[in-house]
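A short worksheet on the structure shown next.
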Amino acid sequence: MPKIKTHSGASKRFSVTKNGHVKYSHQNRRHILTKRSTKRKRGLRQGAYVADCIENNIKKLIPYA
């Protein structure tokens, strides 16, 4: 059986942790940050985990991660 291709967009955005959870970084932290509050920007620094309902879909996109 041939290898499965990894979705390159998903591989840049998501990573699988040791426990099998999918981790990602928040969006809206690249540019035009002057209009956003300091509290919002500080909250966007932390990583987050994908919801359980879509975790399996993302794991199919990054099979070898």
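Only this structure's heavy atoms are used, side chains among them; waters, hydrogens and symmetry mates stay out.
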Would you list the pairs meeting salt bridge (charged side-chain N to carboxylate O under 4.0 Å, His left out) in which at least one residue belongs to residues 9-18, sequence neighbours left out?
none
The side-chain contact (heavy atoms from CB on, under 4.5 Å) partners of K39 (sequence neighbours excluded) come to S37, R42
Rest of the hydrophobic cluster containing V50 (Ile/Leu/Val/Met/Phe/Trp/Tyr, side-chain heavy atoms under 4.5 Å)?
F14, V16, V22, Y24, I54, I58, I62
Residues forming a side-chain contact (heavy atoms from CB on, under 4.5 Å) with L61, sequence neighbours excluded
H7, A10
Any chance you could measure Q46, atom CD, to S25, atom OG, to the nearest 0.5 Å?
10.5 Å
Does anything in residues 27-65 form a ring-ring contact (aromatic ring centres under 6.0 Å, His included)? List the pairs, not counting sequence neighbours.
none
Other members of the hydrophobic cluster containing M1, with the 4.5 Å side-chain heavy-atom rule, please.
none
Applying side-chain contact (heavy atoms from CB on, under 4.5 Å), name anything that partners D52, two or more places apart in sequence or on another chain.
E55
Residues in side-chain contact (heavy atoms from CB on, under 4.5 Å) with L44, at least two apart?
H26, N28, R29, R40
Donor-acceptor contact below 3.5 Å, side chain K23 vs main chain G47:
no
